[in-house]
Amino acid sequence: MSVRTRFAPSPTGYLHVGGARTALFNSLYARKFGGKLILRIEDTDEKRNTPEAMQAIYDGLNWLGLEWQEGPDKGGDYGPYLQSQRNAIYEKYFAQLQGGGHLYEDGGAVRFRSPRKTVTVEDLVCGKIAFDMSNPVTHPDMTIRRPDGSWIFHFVNVVDDIEMKMTHVIRGEDHLSNTPKHIELYQALGAEPPKFAHIPLILNHEGKKLSKRDGGSSLAYFVENGYVPEAVLNYLCLLGWSPGENREMLTMPEIQALFGLEDINRRNAIFDLDKCFWLNGQHIQHMSLERFAELSVPCVTKAAIPYGTEDALMKALTIVKPKVKHLTDVPAWIGFLFTEEYPFDPEAVDKALRKPGALDRLRTLGTAFGELAEWTHPSIEARLKELAISLGAKVGEFVHPARVAVSGKAVGPGLYEMLEILGKERVLARFQRAEAAAA
RNA sequence: GACCCUAUCGUCCAGCGGUUAGGACACCGCCCUUUCACGGCGGUGACACGGGUUCGAAUCCCGUUAGGGUCGCCA
């Protein structure tokens, strides 16, 4: 039987990073065995069921590049994939339980009568766990239907997993304690339970379950703050799973090749934005220029950078790519290349241009550059260093003023690359402008 | 409270009876005669505690403590 896994979020208005990781693991596992990932929306709670909430799930999954083979938007042989549209199916299974004498009414709601036995969960991550369900006080019969006829999660979740022929249920550990109840349902329905794998939870810095209020708990946070999907995917897979050999930076194909449920640990992990940030820089550095451009263009466009030709933009992106950490920083990092009205950072001006002798050095450098016949990164670098040595000065004493003069900032791409792209005339003019700015 | 899970540097992850307990992020220092949210080198820093088992325990067992989860007519 081919592997079928599922991601079954409820539309809460945003995609939680924990959910994203669950989707990731389900996807990895299904692909590893040539199986399918099914997207099912658990929207039995009417209140949450809005089109926007649904869209947040699609947007998040699409942004990450996770693909599912069956779902509300894709169809499939076991649809519909929206629980709100599966009422007839639930009625059928409900009748089956009723026929078997498993149900009873309680205050208008319907409960499932527990067999009151010990249920053993054989979890692919957690191992074999026995739950003693005999005490009705500690394990009350679960409600499966409300008085208004609507369904409760436990019931529809199990019915759907049976109907959709799920072979593996990979979900958060918060469901581990619910699993024996689900198994009771499978047994009452005469169905074989799927294999379960409960993955550890993602906690915030206080050690509590990551909630909506925590920074970075929503996948949208990463999209908005200039993270690249490959870095987020990489970071997420490292929470609770290890590729072995102390590997940290991985591409999706590498993750796919190395992933296995047996390498998932059972400890909850605290979400650490710092490492994700570092990974983001690493992935940007290592990705192709084309990919970087593809990811940067929305930010550049949004900031209305007048980059002129595509060729000019690509040149700018090339010199910025090795150092930039967030896509959202790209506009600020390349903006000065395309306008003579670039702003001067007062602090940078103070530090680099108002130092004793700084403007003199800038003038000297300008003169030397003016006589330079060839304007390329190597020739510019050679001339600047030559000048520094001949004057007994440190290279940095020329580099700093030049950088601030030409870009208005103390940080940015490599100086010589910047100068080359700008061209000699603009550089010399900017040196002049800097003198005015420093005055 | 009951039940379940967990317990290695601040954080993430290695370790699966014998290691100077390893890597990464962060932090600190030095270097790169180009600043840096670049790069290189080095450093600080952990086996929660108490009992066992064993020639030998971070590794196995028990207990304690701590943290997390579940006990909904939420999902």
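Sequence lines set the chain letters: A, B, ... in the order given, protein chains first and strands last, and positions in each chain run from 1.
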For RNA chain B, which residues of [range] approach it to below 4.0 angstrom with any heavy atom?
range	answer
residues 82-94 of chain A	none
residues 177-188 of chain A	A:Ser177, A:Asn178
residues 109-116 of chain A	A:Ala109, A:Arg111

Original post:
Which one, B:U70, B:A37, B:U35, comes nearest to the side chain of A:Trp333?
Top reply: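 Selected nucleotide: B:A37.
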
Subject >> Closest to side chain of A:His400, choosing from B:A2, B:C73, B:U35 >> reply: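 Nucleotide nearest to A:His400's side chain: B:U35.
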
Would you say [N] has OP1 or OP2 under 4.0 Å from some side-chain N or O of [X]?
X	N	answer
A:Thr44	B:A75	yes
A:Thr143	B:C73	yes
A:Arg146	B:C74	yes
A:Arg40	B:A75	no
A:Lys209	B:U70	yes

Say you pick atom [atom1] in [N] and the same atom in [M]; how far apart are they, in whole Å?
N	M	atom1	result
B:C5	B:C9	P	22 Å
B:C49	B:C55	C1'	25 Å
B:A58	B:G50	P	12 Å
B:A57	B:U20	P	15 Å
B:G45	B:U59	P	22 Å
B:C71	B:C13	P	25 Å
B:C31	B:A66	P	48 Å

Original post:
What heavy-atom pair brings A:Gln83 and A:Asn157 nearest, and what distance separates the two atoms?
Top reply: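 Where A:Gln83 meets A:Asn157 most closely, the heavy atoms are NE2-N, 4.1 Å.
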
**OP:** Provide the closest heavy-atom pair for A:Gly226 versus A:Asn280 in the form atom of the first, atom of the second, distance.
**Re:**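 Heavy-atom minimum between the residues: O-ND2, 3.2 Å.
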
At 4.0 Å (heavy atoms only), tell me whether [X] reaches a base, stays on the sugar-phosphate, or touches nothing.
X	answer
A:His198	nothing
A:His377	base
A:Gly207	sugar-phosphate
A:Gly108	nothing
A:Glu105	nothing

Nearest-Å distance for atom pair [atom1]/[atom2], residues [X] and [N]:
X	N	atom1	atom2	answer
A:Leu279	B:A26	CG	C1'	14 Å
A:Met133	B:C4	CE	P	12 Å
A:Phe153	B:C73	CZ	C1'	15 Å
A:Ile389	B:U33	CD1	P	10 Å
A:Lys409	B:C38	NZ	P	17 Å
A:Tyr416	B:C36	OH	C1'	14 Å
A:Asn135	B:G1	CG	P	17 Å
A:Glu347	B:U35	CD	P	18 Å

Please name the nucleotide paired to [N] by Watson-Crick or G-U wobble geometry with both distances under 3.5 Å, or report none.
N	value
B:U54	none
B:A7	B:U65
B:C38	none
B:C47	none
B:A14	none
B:A21	none
B:C71	B:G1

Under the side chain to side chain donor-acceptor pair (under 3.5 Å) rule, collect the residues that match up with [X], sequence neighbours excluded.
X	result
A:Arg113	none
A:Arg363	A:Asp360, A:Glu435
A:Arg433	none
A:Asp132	A:Ser134

Subject >> Cationic N near anionic O, under 4.0 Å, A:Glu70 to A:Arg4 >> reply: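 Looking at A:Glu70 and A:Arg4, the cut-off is met.
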
Subject >> Ion pair A:Asp141/A:Arg116, N-O distance below 4.0 Å >> reply: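 Salt bridge between A:Asp141 and A:Arg116, a charged N being under 4.0 Å from a carboxylate O: yes.
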
Subject >> Sugar-phosphate or base contact per nucleotide [nucleotides 5-14 of chain B; S, B, -; heavy atom under 4.0 Å] >> reply: SSSB--SBSS

Original post:
Taking for each residue the nucleotide of RNA chain B with the nearest heavy atom, is it A:Arg403 or A:Ile152 whose nucleotide lies nearer the 5' end?
Top reply: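 First, find each residue's nearest nucleotide; the 5'-ward one identifies A:Arg403.
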
Would you say the ring centroid of [X] lies under 6.0 angstrom from that of [Y]?
X	Y	answer
A:Tyr342	A:Phe344	yes
A:Tyr93	A:Phe155	no
A:His326	A:Phe277	yes

**OP:** Using the test ring pair (Phe, Tyr, Trp, His ring centres under 6.0 Å), find all partners of A:His182 that sit at least two apart in sequence or belong to another chain.
**Re:**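 Partners of A:His182 by the ring pair (Phe, Tyr, Trp, His ring centres under 6.0 Å) criterion, ordered by chain and then number, come out as A:Phe153, A:His154.
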
**OP:** State which residues pass ring pair (Phe, Tyr, Trp, His ring centres under 6.0 Å) with A:Tyr14; sequence neighbours excluded, sorted by chain then number.
**Re:**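 Expected list: none.
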
**OP:** Could you check if a side-chain atom of A:Val320 sits within less than 4.5 angstrom of a side-chain atom of A:Phe292, using non-hydrogen atoms only?
**Re:**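 Yes, their side chains come closer than 4.5 Å.
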
Original post:
Any side-chain heavy atom of A:Pro72 within less than 4.5 Å of one from A:Leu39?
Top reply: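 A side-chain contact under 4.5 Å exists here.
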
Original post:
What about A:Lys394: does its side chain form a donor-acceptor pair under 3.5 Å with the base of B:U35?
Top reply: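 No, no donor-acceptor pair under 3.5 Å.
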
Original post:
Got a sec, which pairs hit salt bridge (Lys or Arg N to Asp or Glu O under 4.0 Å) with one end in residues 155-170 of chain A, sequence neighbours left out?
Top reply: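 Residue pairs passing salt bridge (Lys or Arg N to Asp or Glu O under 4.0 Å), neighbours aside: A:Arg6-A:Asp161, A:Arg40-A:Asp160, A:Arg40-A:Asp161, A:Arg86-A:Asp160, A:Lys92-A:Glu163.
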
Original post:
Is there any salt bridge (Lys or Arg N to Asp or Glu O under 4.0 Å) pair reaching into residues 375-385 of chain A, and which pairs are they, with sequence neighbours excluded?
Top reply: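 Found A:Glu381-A:Lys385, A:Arg383-A:Glu386.
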
Original post:
Taking atom types as modelled, is there a side-chain donor on A:Asn26 or A:Trp68 under 3.5 Å from an acceptor on the other?
Top reply: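 Judged by distance alone, the side chains do not pair up.
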
